[in-house]
Amino acid sequence: MNKFLTLLVLVTALFAKTTLAQTSISFKTYGHDDEVIYGMSGVSSFYFRMDPLVDMNSSKLVLYFEPSQALIKDLSYINIVIADKPVYSGRMTRDSIQRLVIPLNRSYLTDNGQFLKVQVKTLLTITDNKCKDLDNPAMWIKVKSNSYLSLVKGSGSLTNKVNISNSFESKTAIVYPSNPSLLDLKAVAWAYNKIKRSLAVSDLRVYAADKVPDSIRNYVMVGNLDLLPADKRSLITVTPQGGQGLIYLHKGSNTDSTSNRFRSVNSISAARQAFSNNEILFITGADDSGYDKAITALGNYNVLNSSFGNYLVINTADNDKAKNLSQQRTKLTFRDVGGVSNFMSGIGSLRSVYNFKNSDFSFTPKEVEMHFVGNYSGMSVNDRGFFNVYLNGMLISSEKLNESGKLNVTVAVNRYQHRKYNSLTAEFRFYPSNGNCLNSFLNFFGEIDVDKSYLESRNPFVNNTLSFYQYPEAFNEGGTRVVVSKNYTKYAAAAVGEVIYALNNNLNSNNFPVFAYSNEVTDADLKKYNVVALLDKDDPLMSKFPDAPIRFDRAFRIYSNEDNKPVYTLSDSVSNGLAQIFYGRGSNNAILVLTATGRDLAGAFLSASKAITEQLSTLNSNVAVSDVNDNKYLFNIDKTTDNIEYTDAKSGLARFWESYNLYVLLGILVLILLGFLYVRSRVQRSHDNMGE
């Protein structure tokens with residue numbers, strides 16, 4: 001009996017040890033919603049970034065999918081391909097929601113060991129007649145977003161795989177000194193840019209050193225070495241010399257509680273730190289000169305991506321050599337925008353998708369020309385084939401395929417058809433002749449040459465006023481200055497990070513602004529350079545912007561141009577951020593001014609900086625008002641019109657009348673009514689007396 005109890009204890013302990021670090025991360029958390037695969041033969045691909053501490057050999061993929069109810073399940077198949085290798089093939093069952101469990105191993109990772117590529121391929125049947133099934137809309141399966149990866153944390157030896165080059169992806173926050181300098185602000189901005197460009201996350205947090213929550217345990221800390229908190233400075237075992245910068249990765253011990261044997265995370269932030277070990281990545285230097293070199297290195301991805309150790313001492317740093325594309329980016333190949341060679345075969349719809357931004361070009365294009373070059377199997381007699389082009393879900397071109405097998409198609413769109421962020425879909429659609437359907441079922445193929453196909457911007461979009469539709473590419477030409485009110489430095493860190501990310505979230509990624517306090521900016525600077533200013537609304541520099549659409553140091557109200565009704569009134573009851581973009585007094589230099597009010601100034605600045613980068617920006621919006629509750633309002637304010645009113649310019653009597661005129665009028669009506677009743681009663685009494 002004792003032996004049995006001992007064995008039971010050992011098994012229980014072993015099981016607890018095995019399940020201690022298991023973490024489930026759903027497809028939805030990774031950014032994949034329900035994915036529908038259409039057609040007789042279709043495929044969808046999913047990419048997942050893997051933490052270096054994950055033990056792939058003990059992890060698994062759990063896939064849920066929902067097949068169309070119209071399918072003949074015994075004649076419909078699903079195939080799972082990982083790292084371009086088939087790992088599972090099988091018939092579908094009769095269950096409405098089906099589940100597959102696929103064991104993983106380290107050989108499934110990409111060559112750099114950072115990504116897991118999963119493909120789901122289908123071969124579906126409805127009538128057991130391929131010719132009839134070709135274009136049946138009921139042929140689909142849905143890969144569910146609650147599918148997940150069950151990942152197991154590896155042994156402590158895997159911590160050796162964590163280094164500077166791959167540590168940014170696990171960071172969830174940036175910490176800066178409580179009283180930041182311009183260098184600290186610059187360090188936050190470039191660290192923010194690096195993390196967000198790596199993962200495009202939306203939940204990256206920025207904290208002052210005295211306000212870091214206890215739950216934050218994997219972050220970037222910036223600051224001059226001598227000014228770091230003593231307990232954090234003691235973690236750095238490398239001492240830089242005068243003029244040297246230092247990037248240092250401290251890897252602490254894991255503090256996971258044994259109560260978390262199974263974890264299911266539901267945010268990118270939680271997923272990114274599910275396997276981390278209290279890491280702190282320090283960006284610092286022996287002095288201001290060295291600190292600045294470390295910050296400069298943050299903007300050079302060639303340096304960071306090749307830093308495979310735990311620390312990097314920087315003696316010299318230069319971002320000029322990081323420029324690897326022509327400044328005049330008017331023509332981009334499909335490979336430039338992330339396209340890859342995709343050999344497609346089958347019948348029905350065969351699609352490739354390419355994404356591009358207006359800011360990938362040197363300027364906001366008025367027109368974009370799309371040129372497609374490729375090959376396909378030539379059409380036989382009575383075959384039907386088309387090449388279709390969709391932009392943001394809209395069909396913009398359809399060309400008939402012929403016997404040549406050569407694709408050479410050009411499509412141009414105007415400024416009303418493309419957006420700030422665009423999705424371009426190229427589709428081969430092929431149907432064989434009815435008499436030869438079965439024999440030619442897999443004979444058709446199509447492929448787009450991503451090196452010869454290109455996007456070309458035509459005719460820069462030029463307007464008398466700048467708009468957020470032209471941001472950030474309006475800052476691509478010429479030098480840029482980031483200007484901050486000195487008393488607002490501690491509130492501007494996250495917003496400046498968002499601005500630097502926006503200015504560099506393109507193919508060139510080489511906009512390295514100079515940082516300055518607002519009282520250091522000269523009139524010559526305002527005429528010569530592009531300027532991004534984060535200001536106190538009462539900053540004297542505001543008076544140097546006579547072309548700003550709105551005076552934010554005064555209370556204002558915005559009216560509709562159509563019916564002259566108020567559409568927005570500024571209120572300090574909620575923390576508001578205001579962004580406005582306009583031309584400076586120089587040669588078309590761009591000016592962006594962000595201001596904030598209320599208690600949460602940092603949140604107001606950040607909300608304004610995010611609002612102006614979103615797809616909702618229109619061709620004419622030049623003023624954006626946002627608050628910390630994610631409410632956003634975009635306006636086109638023309639100084640020559642009267643759709644803005646400064647309410648503080650009115651006299652006290654005028655403001656009283658505007659606020660209480662209805663009550664005053666109601667009171668007057670009541671007095672008139674009472675007076676009428678009084679007079680009427682007196683007259684009636686006089687008549688009664690005369691009658692007596």
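Just so you know, these numbers come straight off a predicted model, no measurement behind them.
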Going by the angle between their ring planes, with limits at 30° and 60°, are Phe372 and Phe387 parallel, tilted or perpendicular?
perpendicular

How close do Ala590 and Asn530 get, counting heavy atoms only, and between which atoms?
N-OD1, 2.9 Å

Shortest non-hydrogen contact from Val482 to Pro513?
CG2-CB, 3.6 Å

Search all heavy atoms of Ala611 against all heavy atoms of Lys632 and return the closest pair with its distance.
CB-CD, 3.9 Å

Output yes when Lys196 and Glu498 qualify as a salt bridge under the 4.0 Å nitrogen-oxygen rule, no when they do not.
yes

Do Asn511 and Asn504 pair up side chain to side chain, a donor and an acceptor below 3.5 Å, judged on atom types alone?
no

With Lys331 as the cation and Tyr454 as the aromatic partner, state whether NZ or CZ is under 6.0 Å from the six-membered ring centre and within 45° of the axis.
yes

Under the side chain to side chain contact (heavy atoms under 4.5 Å, CB included) criterion, do Ser404 and Tyr376 qualify, and how do the steps go?
CA-CA 9 Å; Ser404 71; Tyr376 59 89; 3.9 Å; yes

Aromatic ring proximity Tyr47/Phe115, centre distance under 6.0 Å:
no

Ignoring hydrogens, what is the shortest heavy-atom contact between Val353 and Ser423? Give both atom names and the distance.
CG1-OG, 3.6 Å

Should the pair Tyr148 and Tyr64 be assigned to parallel (<30°), tilted (30 to 60°) or perpendicular (>60°) ring geometry?
tilted

Over 60° means perpendicular and under 30° means parallel, so classify the ring planes of Phe361 and Phe356, tilted if in between.
perpendicular

Check for me whether Arg197 meets the cation-pi criterion with Tyr301, that is, NZ or CZ under 6.0 Å from the six-membered ring centre and within 45 degrees of the ring axis.
no

Anything under 30° is parallel, anything over 60° is perpendicular, the rest tilted; go ahead and classify Tyr30 against Phe48.
perpendicular

Angle class for the Phe430/Phe444 ring planes (parallel below 30°, perpendicular above 60°, tilted otherwise)?
parallel

In short, Val499 meets Ser609 closest at the heavy-atom pair CG2-CB, 4.4 Å

